[in-house]
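Heads up: the structure comes next, in structure tokens.
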Amino acid sequence: MTWTYAELTADRWADLETLFGPNGAYGGCWCMFFRQTGRELAANGNAGNRAALRGLVEAGEPQGVLAYDGAEPVGWVAVAPRAGYGRLRRSPLPVGAKSDPEVWAMTCFYVARAHRRRGVGHGLVDAGVEYAAAHGAREVEAYPVDIARAPAAEVYVGTRAQLAAHGFTEVARPSASRVVMRRTV
């Protein structure tokens with residue numbers, strides 16, 4: 001299959017809403033998990049997280065890339081400057097200066113159920129790296145899981161094998177199942 005990719009902009013917001021559905025992809029997160037504290041995420045709920053992400057998009061801040069099958073949105077990767085992810089600034093996961101504007105974080109993948117296991121996620125890795133590079137990134141960092149089989153809700157951060165297949169290398173292993181990977185762009 002051939003997918004096309006486009007930056008999430010305010011004029012494409014409806015496409016993200018279509019892809020995520022009323023529940024906001026994984027439990028109403030709207031890709032705000034890495035941007036907020038757990039308390040903020042829970043207090044905002046689905047509607048508040050949706051509004052928060054929409055506000056960032058409408059402000060013109062880079063958020064990520066949508067994948068399309070024709071005109072249908074079928075996938076998403078959240079990738080933006082790491083400094084904008086509050087949870088990462090407080091976490092031991094990132095490597096190096098946490099406020100470095102040239103290091104971007106690839107934090108979330110979502111692929112529509114009917115399009116899973118068809119290569120959309122792999123294409124999103126490359127599209128996300130290209131997007132980051134076009135916006136001045138020097139490196140892209142990701143925080144995938146390293147497990148053979150897991151439910152889709154656990155691999156929203158990607159998998160080690162998926163990212164390694166696209167040139168990411170492991171730079172830290174905070175736990176047996178979680179790794180930090182980087183790719184220079």
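Bear in mind that the values here come from a model prediction, so they are computed numbers and not experimental data. No hydrogens, no waters, no symmetry mates; every other heavy atom, side chains included, goes into these values.
- Taking the centre of each ring, F20 and W30 come in below the 6.0 Å mark.
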Given the rule in the side-chain contact (heavy atoms from CB on, under 4.5 Å) test, do V74 and V111 qualify, once you have shown the distances and angles that lead to the verdict? CA-CA 6 Å; V74 297; V111 176; 5.7 Å; no
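- Between V120 and G75 the shortest heavy-atom distance is CG1-CA, 4.1 Å.
- Side chains of V145 and V157 form a contact here, defined as non-hydrogen atoms less than 4.5 Å apart.
- Between R183 and V129 there is a side-chain heavy-atom pair separated by less than 4.5 Å.
- No salt bridge links E7 with R12; every basic N to acidic carboxylate O contact stays at or beyond 4.0 Å.
- Classified by interplanar angle (parallel below 30°, tilted 30° to 60°, perpendicular above 60°), the ring pair Y131/W104 is perpendicular.
- Looking only at side-chain heavy atoms (C-beta outward), R173 and V180 stay at 4.5 Å or farther from each other.
- Here the closest heavy-atom approach between residue A80 and residue P62 is recorded as CB-O, 3.3 Å.
- Y110 places no side-chain N or O within donor-acceptor distance of the main-chain N or O of G24, the cut-off being under 3.5 Å.
- Between atom CZ of residue R89 and atom CZ of residue R35 there is a gap of 9.5 Å, rounded to the nearest 0.5 Å.
- A cation-pi arrangement is absent between R182 and F168, since the terminal nitrogen or guanidinium carbon is not both under 6.0 Å from the aromatic centre and inside a 45° cone about the axis.
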